[in-house]
Structure formats: C-alpha cells, structure tokens
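Reading through the structure tokens given below for one structure.
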Amino acid sequence: MTPQEMTPQEILRDVFGYQQFRGEQEKIIHHILAGDNALVLMPTGGGKSFCYQIPAMIRQGVAIIISPLIALMQDQVSALQQFGVRVAHLNSTLTSNQARFVSKQLRQGELDLLYVSPERLMTPRFLEFLDSTEIALFAIDEAHCVSQWGHDFRTEYVELSILQHRFPTIPRIALTATADEPTQRDIITHLGLEDAKKFIAGFDRPNIRYRVVQKQKARDQLLNFLEEEGHRGDAGIVYCLSRKKVEETATWLAKKGWSALPYHAGLDKEMRKHHQMRFLREEGIIIVATIAFGMGIDKSNVRFVCHLDLPKSIEAYYQETGRAGRDGLPANAWMTYGLQDVVMLRRILDESEADEQHKRVERHKLESMLGYCEITTCRRQILLSYFGDHLPEPCGNCDTCLEPVTTWEGTEAAQKALSCVYRTGQRFGVAYLIDVLLGKTNERIEKFRHNRVSTYGIGKDLKQGEWHSVYRQLIARGFIKIDVDGYGSLQLTEKSRPLLRGEQTIHLRKDVKSLKVKEKKFGRTSSISLTGNDQKLWEALRAKRFELATTQEVPPYMIFHDSTLTDIVVQCPHTLKEFAQLAGVGATKLKHYGQIFIDVLDEHTLLDEGDKVSANSPTTPSNNESSISESAETTLDAFYQGLSLEEIAAQRNLKPATIYAHLSQAIELGKVKLRQVVQLKEEEIHEIEDKLLERPIEEQHILKPVFDDFEGKYSYEILRCVRANLWQQK
Ligand code: ADP
Ligand code: ZN
C-alpha cells in the first residue's frame, strides 16, 4: 500500500511504529488533509513534525517544508529516510549534481516532502518551478522567525507572505514552540493566517524536572549535580551568558573528565559545525553554549539542560529546557541563579539599542523570570500559567514540590532593608547597603557619613548571606528596582510603600545553605537505571546502534531512540513480530534493524548471569587455563547430581539459556561431555562443526552467521555447546 492510500493512523503505526496520536495531532492532520490552514503552537518535543509530515505523505504532490536552519535539514531528512519516507532537501550546501538529482526526483514525482531554506524558496527559479508542480502543502517550521518580537528573527521569513498570494489554494501550516501574544499576531499577519485554525497544545512537559538553586560556586554546584544525578554518559546542554564563560566552563568540565565542547557565535563556523555534529552523533557529549545553540536541535535523548546564568525570559527558559527529554523519558532542567545575574541582564538590556517600548517588554519578561526563580510554590504551575495553561494540582516533579520551601516572616527584615536604601539616598548597590546594615566601618561609609544614618548597624541579627537573600527577593518581587545607569544602585518602587509603612507583611523563602543538602535528596531521575546483566545488554544494544549509525553517518538516536532500546531490554522481543510491537519501530526500521537487534539480544541471553564471559567480550578458544565462574560451578554440581537442565534453571531461578551457558563452559574445559548436555545425532554434530570450521577461528565466536545458515534449525544454545566441544578438542 502506498502512503496515499493509508489513513493517518495507519501511517503512524506502520511507518513510524507508534500506536497513538498525541494531543491534537490527529485533529491537525485531518484539518490539513481537508485543505485548510493552521497555526500550531506546541512545546518543543510535543510532536509538531507529524502534523505536517503525515498529511504530506497522504496528499497528492510534494509538500514544501520551510525550515530556517540549513545545518539541521540534513538531519531531519536522514531521520525520515530511516523510516522509509520519500524525502529530500534543497539548499546551498548541495553540490550542483546533488541539486540536479533532487530536481529530477521532484519532476518524476518521487518525493513526498522537500525541505527548503527560505532563501532557496524565494529564488525566481524555484518559485517558477513550484508553479508547474503539484504541491501538497506548505509547512513553515519555526514560524516565530517572522516576528521581530521573537529572539530568532529572520528577514527572509517575512518574505514568505508571498505564499498566500501566489499559491492561495495550497494549505499552509505554521508551527512554533514560542507562544506569546505579539509573536502569534506577527505570524498570523505575515503568513496570511487570519482564517487559519489555531491549535494550542498543552504546554506541559511532565517528564522534565525543574530545579533552581541559589548560585554559590556555580561550577562546583554543576559538577555536583551531574554526579549526584548519575549523568555520566548522558548527553546534555549547559547554557552560559558569555562566550568567555562558555569556553572556561567547557575546558573545566573536560578537565574533570566530562566530554564537554564549547559552542558560541565567536567560534569559527567549521568548529561550530563539528561540535554540533559530535553532539548529535555521539553519545554522552555535553555542549556548553550561549543561546546561539539549540534552535531546531531535535536530538531526542538530551538528558539534562543546565543554566549557569539566568535566561532573559520565561519563553527562552522554557524553550531551552524543552530541549531535554524529547523522548519522554525523565530529564533534568537545572539552573543556578543569583543577584549578579539580574544586574547583568538589566545592564545588557538598558545598554541595548532597542526602542523604549521594546525595552519595557523585555524588562517585564525579565521580571517574570525572576518571579519564577523566587517562587515558593510549584514551578510547573507558574510556568504553565505563563503560557495560559492551567495545572490544577502541584506537579510533584519540581524542586519546590519535592522539597517544599520553608518560608519565614520577613516583614521586619524587609523594612530594614528598604529603609537602608532610602536613608542612603538610593544611590548604592547591595554590597554597600549590607555593610551599612551590619555596621561595618570602611572608607566609603565614613566618607558618606553613613555610620550616622538610622539604619547603620541595625541588621546584625542576620548574616551577610541572609541579607543578600532578602535583597534578592525584594528585587525579584518588585519592591526594589535596580538602576543600571547608576551602576547598579537600588531604588525603591511604589510597591514598597505599604511594606515600609507596616500595612503589608511579607514572607521570604529560606535559602538552602549547603549545596550538598539540597542536591542529595533527589536521586537519579533517569529511568534507564538498569542493573547488572540488563545494564550489559543495554550497553551491547547501544554499541550495536552506534556501529550502525557510524556506517550510515547518522546520529545513533535516528536508528532507535533510547526508549526503544529500553523496551528491548524490558520486553525481550525474540521474534520480528514481537519486535514490531515496540514503540518507534515501523516497517522500514523493522526490516533494516529488527533481526540485528534480536541477535544482540539472543547472544546476550546466552551469556546471562554475570558470567566471566560478557556480551562485549565473547570467548575465543581459550588457551589459558581458565576456570569457570562460581555460578557455573553451582550449576555443574547440580548437574552432577543428575538434575536436568530445566530443573536446575527452575531451582536456581535462572533462564535455561544461562544454564546452557554454564554447561558450555564446562564442556569447553572437558568437565562434561557434549552428549550429556544436548541430544544430537552424530551427523547433526558434524554438520554444525563443519559450518563452524568454515569460518576463521577468530570469527567463530560470532554465532549469528552459522545460526543464519541453518535458518534457525539449531538454537544458539545448541550451537554454543557444539562449539565448546570443538574448542575443547583443540
Ligand atoms: P517538536 O514538536 O519539537 O518538533 P517532534 O515532532 O520532533 O517535536 O517530536 C518529538 C518526539 O516525539 C519525536 O521523537 C517523535 O518521534 C515523538 N513523537 C511525536 N508524536 C508521537 C506519538 N504520537 N507517539 C509517540 N511518539 C511521538
Ligand atoms: Zn511542582
């Protein structure tokens, strides 16, 4: 059946290997199939791609997908090709031969999807070509790039308004993860989507655990977090504000033994590309980056996103953290934040060239971000409410839910802090104000005679760090503003009056003092916490995936997501039919990889039970006087007592395959005869031995070719025992 004849549900199942649509995917697909326009707002990882990919496969003609990042098009295309989808991309990176080949495919109607850059789309030649081609739909990915409000504005995107005039009958679907009002309005006007139906998905990402810690020694805190959470070997992103800090942090992490690479706009293009490539293709790379990194990164198994500096808005934060855990498995979003971040961001903002109105919006966004950091209730609730989404109950998967914040009655402290700002003339920064409160003497204080003001020395009941916390919270909650022109001096706002006059009380959050205490409580979030033998199998599957990915030059997750590998460990599919049931296994992947992974599983099952022989280092004929494992000894004792193989397995609660593995070791060492273990005719043994001997000795440890040659006539267990016997004779 061609995709055109399939229903969306059938494509989801047979091509992509998933059983159910998520959220509104199915509705959106039917909407586009009916020829209507749509605006889709969904969080990163929400599953936007199927919304246009599936209609693209069903509708007549080729779908044109406009995507801003040429560097990532190749990856998107490769990922789809893995599923057997007829897709190509056209942009300036192709050689003229490659471009000609794509054009030919297009003319012959061999493509369902074509990814293009906006620049390429706008060329007169391409537009003319489109005039004469049957087009299924236009999908405008990362549609917020049309908006000046957004952080990724692209001039070429504005020109996309041509589509509505030139191709009025072709459905257009615009997709983005950025949802604020002004951005939405820009998308609608520029892309002519006034009549389009809006689909706004729930923004929740329940598998992401949000956490914010007070900045102390940020790097040590980061390292501590990575170690406590068992993130070694995981892929992750660490965001910093400045290029310099990116470089330093990457170097530092590398020194501590983590595979960390820097990424920022100041690095030369080749190096950036190389680092991005390594992040996508290898396992366990940490990218340390400025915000320049990440748009369109669709690596599904990013296990953590860390912020060493405060992002400038909740949108940015949500989008950046959203790059974690697209595969739906547990992931961490972790951030350190301190007052210096606020001062720094305010300064950058005030010094920017933007007009006053724009600055006001940005300032407001920064304030919301601060509010988020200081919140004492569920973080997810505030995040979602920011996007107009409602979460009725606290989530149970953020730091404030997991470890409720203690608050204290801070009215008096707040009054002292505020009046100290007032008494010293609203001209000083936090450090100075705290010195005054603590009654310190230094040159500046004496010069300004602030040892005579009424607030001098009235704050000795709190420590310096606690005063810091008080000021931070007062700023975050808008009682004090930072005057950036005045070099970060603090000023009172209107809002502070009732508090000063005692008409209002305030509760402040208690900061956690030691970084250790807070971190330890959480434990590993990853669900891929396998032990012993399963861990070995997982490693073997990962190694196989890596091998397949490397030969095809695609990232490993394009072969299978981590979640599919986990499923293999848990469900042990021994037949193709069982394998097809796993999430993420469609017809094409089943055909290409099913048997390969089943073989890894089968081989591994044979080597069960933490024997000396491990899946990664299969035995070769032993020339050393190796003894057998303790576990195998126990099996052997039982065997000598006359118990059958099945009885031993049952008694020891092991799989029969494990018992076979033990006995084959014993055969190899001459402790048991082959015939005692397996019932085979003489010819059968010879037949197997001949096949084994056809292969060079160093390849004999791989049983798969032999197993295949016999088309499954002999099980791996039997083959293994015969081989052991053969090796024993040597
Ligand atoms: P984004 O909205 O960020 O573009 P994607 O379309 O890349 O998200 O989807 C994120 C991940 O979720 C992908 O790995 C995709 O395969 C998976 N996914 C999407 N829809 C479904 C579904 N209905 N069932 C299972 N997995 C899905
Ligand atoms: Zn919560």
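Both ligands and their constituent atoms are indexed starting at 1 by order of listing.
Taking CH2 from Trp334 and CG from Leu226, the interatomic distance works out to 7.5 Å, rounded to the nearest 0.5 Å. The line from CD of Gln221 to CD of Gln216 is 5.0 Å long, rounded to the nearest 0.5 Å. Between atom CD of residue Glu547 and atom CZ of residue Arg542 there is a gap of 15.0 Å, rounded to the nearest 0.5 Å. Rounding to the nearest 0.5 Å places SG of Cys395 at 4.0 Å from CZ of Arg380. How far CE of Met558 is from CD of Glu553: 12.5 Å, rounded to the nearest 0.5 Å.
Scanning all protein heavy atoms for the shortest distance to atom 17 (C) of ligand 1 gives Arg22 NH2, 3.7 Å. Protein heavy atom in closest approach to atom 20 (N) of ligand 1: Gln25 NE2, 2.9 Å. Summary of contacts: the protein heavy atom closest to atom 9 (O) of ligand 1 is Gly47 CA, 3.5 Å. With hydrogens left out, the protein atom closest to atom 3 (O) of ligand 1 is Gly45 N, 2.6 Å, a heavy atom. For atom 16 (O) of ligand 1, the closest non-hydrogen atom of the protein is Tyr18 OH, 3.4 Å.
More than 12 heavy atoms of other shown residues, nucleotides or ligands fall within 6.0 angstrom of atom CD in Glu5.
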Task: Worked verdict on Ser147 versus Asp186 for side chain to side chain donor-acceptor pair (under 3.5 Å) - done: CA-CA 5 Å; Ser147 170; Asp186 279 357; 2.8 Å; yes
Starting from the C-alpha separation in whole Å, work towards a yes-or-no answer on side-chain contact (heavy atoms from CB on, under 4.5 Å) for Ile140 and Ile173. CA-CA 6 Å; Ile140 301 111; Ile173 171 170; over 6 Å; no
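Among Phe21, Tyr52, Phe50, Phe83, the residue whose heavy atom lies nearest to atom 19 (C) of ligand 1 is Phe50. Of all the listed residues (Ala201, Ser49, Gly328), Ser49 holds the heavy atom that lies closest to atom 4 (O) of ligand 1.
Which parts of ligand 1 touch Pro43 is read off a 4.0 Å heavy-atom cut-off, strictly below it: atoms 2 (O). Taking every heavy atom of Gln20 and a limit of under 4.0 angstrom, the matching atoms of ligand 1 come to 22 (C), 23 (N), 24 (N). Set against the non-hydrogen atoms of His561, the atoms of ligand 1 under 4.0 Å away are 14 (O).
A cation-pi arrangement, defined by a distance under 6.0 Å to the six-membered ring centre and an angle within 45 degrees of its axis, is present between Arg379 and Tyr372.
With 3.5 Å as the limit, one finds no donor-acceptor pair spanning the side chains of Asp309 and His307.
Counting only protein atoms, the N, O or S atoms lying less than 2.8 Å from the Zn ion (ligand 2) are Cys378 SG, Cys395 SG, Cys398 SG, Cys401 SG, ordered by chain and residue number.
Only one option out of Ser117, Cys145, Pro118 pairs with Glu156 in a side-chain contact (heavy atoms from CB on, under 4.5 Å); it is Pro118.
For the ligand labelled ligand 1, residue Gly584 lies outside the 4.0 Å heavy-atom shell. Taking 4.0 Å as the cut-off, Arg326 counts as a neighbour of ligand 1 on heavy-atom distance.
Relative ring orientation between Tyr557 and His561 is described as tilted, the plane-to-plane angle lying within the 30° to 60° band.
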